[in-house]
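The next block holds one structure in the form of C-alpha cells; read it before the comments.
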Amino acid sequence: MTRAIYPGSFDPVTFGHLDIIKRSASIMDELIVGVLNNSKKQPLFSVDERVRMLCEVTKAYANVKVTSFSGLLIDFADEVGAGVIVRGLRAITDFEYELQMSQTNHIMNPGIDTIFFTTSLEYAYLSSSTVKEVAMYGGDISRFVPETVIKAIREKFN
Ligand code: ADP
C-alpha cells in the first residue's frame, strides 16, 4: 500500500492545492494532507481553521485524510508510515528550494522519497498569499478558492 503525505501551510487552500490533491490521490492508496503548524509564520487562519477547510473541500475523496503536524516533516512522514512526500511545482522559483528540501529529507531518511507534480497550467500563477492580498482589498477570489474558503476569508476581513 502506498501512503503519501502532502505537506504545506494551506493558508488558505486554493484550487492549485486541490488540483495536486486530486491528482496525487488518484495514484496513491492513501493521501494524508498535512497542515504545518509553523510558529515562525504568522498565518491568517489558525491550524484548526485550515484543517477544517481542507476537510470540507476534500470530503469527496475517500482516500484523503487531513491532519496537522509540527516539527520535522520527515519525522511526521515516518510516524504516519508514509513512504512518499508529494509537493507541487509551479515555476522555476519553486524548484531550488524544493530540490534542497527533498535532498535533505532523503539524506535524513532514505526510505522516504519526494515526488513532484507540476502545476496544471490554469493554476500556475496561484498562491495563497496572492489570494489573501486580493481578498484584503475586496477583490473577487472566486476563481482561486472554493466557496467554503471565500466565506471564511470574508469573515476574517469583516
Ligand atoms: P508551503 O508553505 O509549504 O510552500 P503551501 O501551502 O504554499 O505551503 O504549498 C504547499 C505545496 O503546494 C507546495 O509544494 C507548493 O509548491 C504547492 N502549491 C501551492 N500552490 C500551487 C499551485 N497553484 N499549483 C501547484 N502546486 C501548488
Side-chain angles (χ1 to χ4, degrees), residues 3-28 30-58 61 64-80 82-106 108-109 112-136 139-150 152-153 156:
R3 180 176 290 143
I5 172 158
Y6 177 37
S9 309
F10 306 105
D11 185 41
V13 57
T14 69
F15 285 135
H17 296 129
L18 270 178
D19 177 57
I20 302 288
I21 291 173
K22 201 162 115 186
R23 287 159 60 205
S24 54
S26 75
I27 58 166
M28 302 292 170
E30 192 179 301
L31 182 75
I32 299 170
V33 181
V35 180
L36 177 64
N37 192 354
N38 186 346
S39 51
K40 276 201 212 133
K41 280 192 185 175
Q42 199 49 263
L44 176 63
F45 291 100
S46 71
V47 174
D48 287 349
E49 288 171 325
R50 283 178 271 157
V51 167
R52 246 181 278 134
M53 283 187 276
L54 272 159
C55 284
E56 175 66 28
V57 299
T58 59
Y61 311 116
V64 174
K65 286 185 183 155
V66 184
T67 184
S68 62
F69 73 100
S70 40
L72 280 179
L73 165 65
I74 201 72
D75 291 341
F76 178 63
D78 198 32
E79 247 165 62
V80 297
V84 176
I85 295 168
V86 168
R87 294 286 288 174
L89 283 178
R90 280 164 293 193
I92 197 77
T93 41
D94 283 339
F95 183 75
E96 212 168 294
Y97 172 74
E98 294 293 343
L99 181 71
Q100 205 173 31
M101 279 314 299
S102 68
Q103 287 171 338
T104 309
N105 283 334
H106 201 250
M108 288 195 286
N109 187 339
I112 300 176
D113 258 307
T114 303
I115 64 168
F116 296 99
F117 282 78
T118 50
T119 177
S120 294
L121 277 182
E122 65 261 48
Y123 304 125
Y125 63 89
L126 193 49
S127 73
S128 299
S129 2
T130 319
V131 170
K132 284 182 278 190
E133 199 160 335
V134 173
M136 196 163 68
D140 177 9
I141 51 168
S142 60
R143 276 169 299 170
F144 311 145
V145 293
E147 193 56 41
T148 320
V149 178
I150 299 179
I153 289 191
K156 280 276 172 205

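FYI, side chains are in, hydrogens and waters are out, and symmetry mates aren't considered; it's all heavy atoms of this structure. Every number for a ligand or one of its atoms is a count from 1 in the order of the listing.
- Closest to atom 1 (P) of ligand 1 among all protein heavy atoms lies Ser9 OG, 3.8 Å.
- Some N or O of Gly88 is nearer than 3.5 Å to an N or O of ligand 1, by distance alone.
- Annotation for Arg23: atom CZ counts as buried by contact number, over 12 foreign heavy atoms lying within 6.0 Å.
- Remark: among candidates Thr93, Thr114, Thr119, Val13, the nearest residue to atom 24 (N) of ligand 1 is Thr119, based on non-hydrogen atoms.
- Considering backbone and side-chain atoms alike, Tyr123 places an N or O below 3.5 Å from some N or O of ligand 1.
- The pair Arg52-Asp48 does not count as a salt bridge, with every side-chain nitrogen at least 4.0 angstrom from each carboxylate oxygen.
- Residue Tyr6 has at least one heavy-atom neighbour below 4.0 Å for each of these atoms of ligand 1: 11 (C), 12 (O), 17 (C).
- Applying the salt bridge (Lys or Arg N to Asp or Glu O under 4.0 Å) test to Asp94 and every residue at least two apart in sequence or in another chain returns Arg90.
- A heavy-atom separation below 4.0 Å is found between Ile20 and ligand 1.
- Within the 4.5 Å cutoff, the side chain of Ser102 has no heavy atoms near those of the Ile85 side chain.
- In this structure, a donor-acceptor pair under 3.5 Å is present between the side chains of Ser142 and Asp140.
- Polar contact check, Thr14 against ligand 1: no nitrogen or oxygen pair lies under 3.5 Å apart.
- Looking at Asp11 next to ligand 1, no N or O pair under 3.5 Å apart turns up.
- Near Phe10, with a cut-off below 4.0 Å to any heavy atom, the atoms of ligand 1 are 6 (O).
- Using a 4.0 Å cutoff on heavy atoms, Ser120 does not count as a contact of ligand 1.
- Protein heavy atom at the shortest distance from atom 18 (N) of ligand 1 is His17 CD2, 3.9 Å.
- Using cut-offs of 30° and 60° for the angle between ring planes, the Phe15 and Tyr123 rings count as tilted.
- Using a 4.5 Å heavy-atom cutoff, the side chains of Val13 and Thr148 are not in contact.
- Looking at Ser120, its side chain never comes within 3.5 Å of a backbone N or O of Glu122 through a donor-acceptor pair.
- Atom 21 (C) of ligand 1 has as its closest protein heavy atom Arg90 CD, 3.5 Å.
- Side-chain contact between Pro7 and Leu36: absent, with no pair of heavy atoms (C-beta onward) separated by less than 4.5 Å.
- Counting all heavy atoms, side chain and backbone alike, Asp11 lies closest to Phe45 at OD1-N, 2.9 Å.
- Where the criterion is an N or O separation shorter than 3.5 Å, residue side chain and backbone included, Ala124 fails it with respect to ligand 1.
- Only the backbone of Pro7 comes within 4.0 Å of ligand 1, counting heavy atoms alone; no side-chain atom from C-beta on gets that close.
- Both the backbone and the side chain of Arg87 come within 4.0 Å of ligand 1, judged by heavy-atom distances.
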